[in-house]
Number of protein chains: 2
Amino acid sequence: MTAFRRFNRYFTRRIGVLDDHYLGQDRPLGEARLLFEIGDGASLRELRSRLGLDAGYLSRMAKALQAQGMVRLSAHPRDSRLRMIELTPAGRVEVEEQDRRAGAVAAGLLEGLGEAQRAELTRAMATAQRLLRLAGITVTLVDGAAPDALACLDSYAADIDARFPEGFDKDDLVRPQEVSGDAGAFFVAYEEDRPVGCGALRRLEPGVGEIRHVWVHPDARRLGLARRLLAALEQEASARHFTVVRLDTHAALTEAQAMYRACGYTAIPAYDDNVYASHWFEKRLAG
Amino acid sequence: MTAFRRFNRYFTRRIGVLDDHYLGQDRPLGEARLLFEIGDGASLRELRSRLGLDAGYLSRMAKALQAQGMVRLSAHPRDSRLRMIELTPAGRVEVEEQDRRAGAVAAGLLEGLGEAQRAELTRAMATAQRLLRLAGITVTLVDGAAPDALACLDSYAADIDARFPEGFDKDDLVRPQEVSGDAGAFFVAYEEDRPVGCGALRRLEPGVGEIRHVWVHPDARRLGLARRLLAALEQEASARHFTVVRLDTHAALTEAQAMYRACGYTAIPAYDDNVYASHWFEKRLAG
DNA sequence: ATAGTTCTTTGACTTTAGTCAAAGGTATGG
DNA sequence: CCATACCTTTGACTAAAGTCAAAGAACTAT
């Protein structure tokens with residue numbers, strides 16, 4: 001904990017300060033940040049929430065950038081309350097220039113290190129980032145019919161449809177009422193208010209729950225999030241006095257199978273006739 | 001390199017922003033930073049260079065903090081151009097409050113992680129910090145009579161005087177002229193303009209150099225800096241067409257001996273009658 | 001002792017950053 | 001179609017952050 005604070009202090013002094021100064025070389029930091037954040041186009045509303053800016057403030061900065069020829073503003077094709085902002089070629093050049101400078105600063109910062117040391121630093125940073133991201137993700141119980149829940153299930157279905165040789169039919173997803181209220185539970189994992197994973201629990205028979213649709217967004221994989229979701233589902237199952245949870249999995253999802261085994265699940269005979277399933281697991285819950 | 005940039009971006013977004021917001025809870029960020037940076041007292045000049053502030057700006061902030069009863073200003077006892085600034089008891093309370101808040105934010109940030117994950121994060125951060133510090137240290141050739149060189153030798157002498165059972169006599173340090181110009185070389189390691197280590201090379205006999213007084217400031221140990229100094233000294237020796245470098249070391253300095261061995265030095269018979277020496281080493285230089 | 005340097009203070013600015021509320025044009029649910 | 005909610009723009013501010021130059025006091029080197 002003290003180590004964490006010490007690192008933060010050192011790092012923000014050392015890197016953060018630089019960051020600020022190179023980014024806004026010839027324009028205010030706010031504008032530079034905005035320019036950078038636009039990327040391949042976005043709505044003002046999106047930028048406002050991403051950067052946490054006041055509406056008026058943002059509107060003015062956008063106008064200033066437009067006057068400088070860095071961005072183009074237009075109405076959203078389907079909702080003309082929203083304004084879309086995108087980089088002009090000149091704006092793109094500017095962003096690249098920012099990027100080049102940032103790269104040069106970073107290179108200068110590391111030039112004292114040898115190859116092996118650089119690799120070690122990269123490894124350490126990747127680990128730290130992975131854990132910080134994981135720490136920032138919260139797993140929340142939501143209604144099975146909540147928009148975020150449905151969005152996750154949609155992504156899940158699209159995902160496995162691409163991975164299963166035989167495809168996947170969305171009709172085989174759980175119904176919202178199966179995972180809401182007394183019937184079951186649905187968890188969504190949020191990373192900064194954006195859903196990045198889900199998992200469902202439903203009652204299979206008295207004392208027995210079934211875990212379904214454990215899914216993690218591609219951007220949030222390899223963080224250990226699936227385990228967190230699984231833990232939340234198991235805790236919920238315990239709270240509902242289930243003594244056993246079961247789940248099935250498709251032959252193509254080998255990493256998932258490995259994870260279930262590592263989390264204490266053991267293979268059992270088929271308990272249903274799910275056409276997508278090739279392996280069935282269960283876990284006895286303590287308490 | 002890309003990984004480095006990615007980490008910076010993520011980290012400053014995630015932590016830096018928070019930092020700003022909690023620090024200045026009821027006072028401007030600039031003042032909060034200044035208050036924090038004062039620590040156990042400093043001169044305005046020192047703070048100005050540490051924080052990179054304009055003299056006028058700093059002067060005004062100091063006055064504001066004084067008016068709020070947070071700091072006391074006084075003249076430097078020996079140079080009354082300089083103004084010393086130190087925390088009053090009220091200021092100290094304020095800094096502690098800042099610190100408490102920062103701690104709470106940090107704790108909140110990490111509460112999603114388990115014990116083992118936290119330990120892993122701490123390890124990764126410590127590694128990253130160590131390497132970043134090392135990357136920021138530059139090793140420079142200076143004149144043997146330069147103030148920084150003498151200051152390092154002073155610290156070195158005090159250091160080993162405390163560690164050698166028999167003490168150490170400063171008269172046994174190299175003379176500046178032995179390590180300047182054609183006679184030898186002196187390197188100082190700087191971390192942000194502050195000397196944190198040194199090492200000397202002098203000619204022992206034709207084709208043979210001697211390395212002496214390799215020292216690292218206690219704050220900069222365990223970074224791998226001694227090796228950097230050693231490498232610089234060896235490179236300098238090569239440039240001077242020495243084919244061999246020798247050095248001796250005291251029985252008490254066991255880590256140093258291990259380092260020399262790891263860097264390719266082999267034990268040899270005594271080549272001098274240094275009263276402090278118990279082990280003698282040499283290394284044949286390539287090229 | 002003198003010239004040049006260093007450090008701080010002060011006055012007089014400018015630029016950034018950010019806030020708040022009113023107003024106007026668009027969607028959306030019923 | 002109507003009330004309501006949403007998104008953006010504009011005007012009118014404020015506070016913070018930072019800059020520049022002049023001036024005065026104190027030190028240092030010669």
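Letters go in sequence order (proteins before strands), and every chain restarts at 1.
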Strictly below 4.0 Å, N to O, side chains only: are [X] and [Y] in salt-bridge contact?
X: R101(B); Y: E97(B); result: yes
X: K170(A); Y: D154(A); result: yes
X: E46(B); Y: R50(B); result: yes
X: E178(A); Y: R212(A); result: no
X: R45(B); Y: D79(B); result: no

Just how far, in rounded Å, is [atom2] of [N] from [atom1] of [X]?
X: L51(A); N: dA17(C); atom1: CG; atom2: P; answer: 12 Å
X: L47(B); N: dT9(C); atom1: CG; atom2: P; answer: 12 Å
X: L34(A); N: dA17(C); atom1: CG; atom2: P; answer: 11 Å
X: R27(B); N: dA16(D); atom1: CZ; atom2: P; answer: 11 Å
X: Q66(B); N: dT8(C); atom1: CD; atom2: C1'; answer: 13 Å
X: M61(B); N: dT9(C); atom1: CE; atom2: C1'; answer: 15 Å
X: L29(B); N: dT16(C); atom1: CG; atom2: P; answer: 18 Å
X: L53(B); N: dA16(D); atom1: CG; atom2: P; answer: 16 Å

- request: Describe, as an angle rounded to 10 degrees, how the axis at the first end of the helix from dA1(C)-dT30(D) to dG30(C)-dC1(D) is tilted relative to the axis at the last end, five pairs per end.
  value: 40°

task: Report the residues that fulfil ring pair (Phe, Tyr, Trp, His ring centres under 6.0 Å) with F7(A), sequence neighbours left out, ordered by chain and then residue number.
output: F11(A), F11(B)

- request: Classify the ring geometry between Y156(A) and H213(A) as parallel (under 30°), tilted (30 to 60°) or perpendicular (over 60°).
  value: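 Correct class here is tilted.
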
query: By side chain to side chain donor-acceptor pair (under 3.5 Å), which residues pair with D169(A), not counting sequence neighbours?
result: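 For D169(A) there are no side chain to side chain donor-acceptor pair (under 3.5 Å) partners, ignoring immediate neighbours.
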
- request: Enumerate the residues from residues 142-149 of chain A whose closest heavy atom to DNA chain C is under 4.0 Å, giving them by residue number; use none for an empty result.
  value: none

- request: Spell out protein contact along nucleotides 3-12 of chain D as letters: B when the base is contacted, S when just the sugar-phosphate is, - when no protein heavy atom is under 4.0 Å; keep the 5' to 3' order.
  value: ---BSBBBBB

query: If you measure from CG on D159(B) to CZ on F168(B), what distance do you get to the nearest 0.5 Å?
result: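 Answer rounded to 0.5 Å: 11.0 Å.
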
Side chain to side chain donor-acceptor pair (under 3.5 Å) partners of residues 53-66 of chain A, not counting sequence neighbours, each pair once: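 Sorted pair list comes back empty.
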
- prompt: Does S80(A) put a side-chain nitrogen or oxygen below 4.0 Å from OP1 or OP2 of dG25(C)?
  reply: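 Result: no.
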
message: Among L51(A), L47(A), L34(A), which residue satisfies the side-chain contact (heavy atoms from CB on, under 4.5 Å) criterion with M61(A)?
response: L34(A)

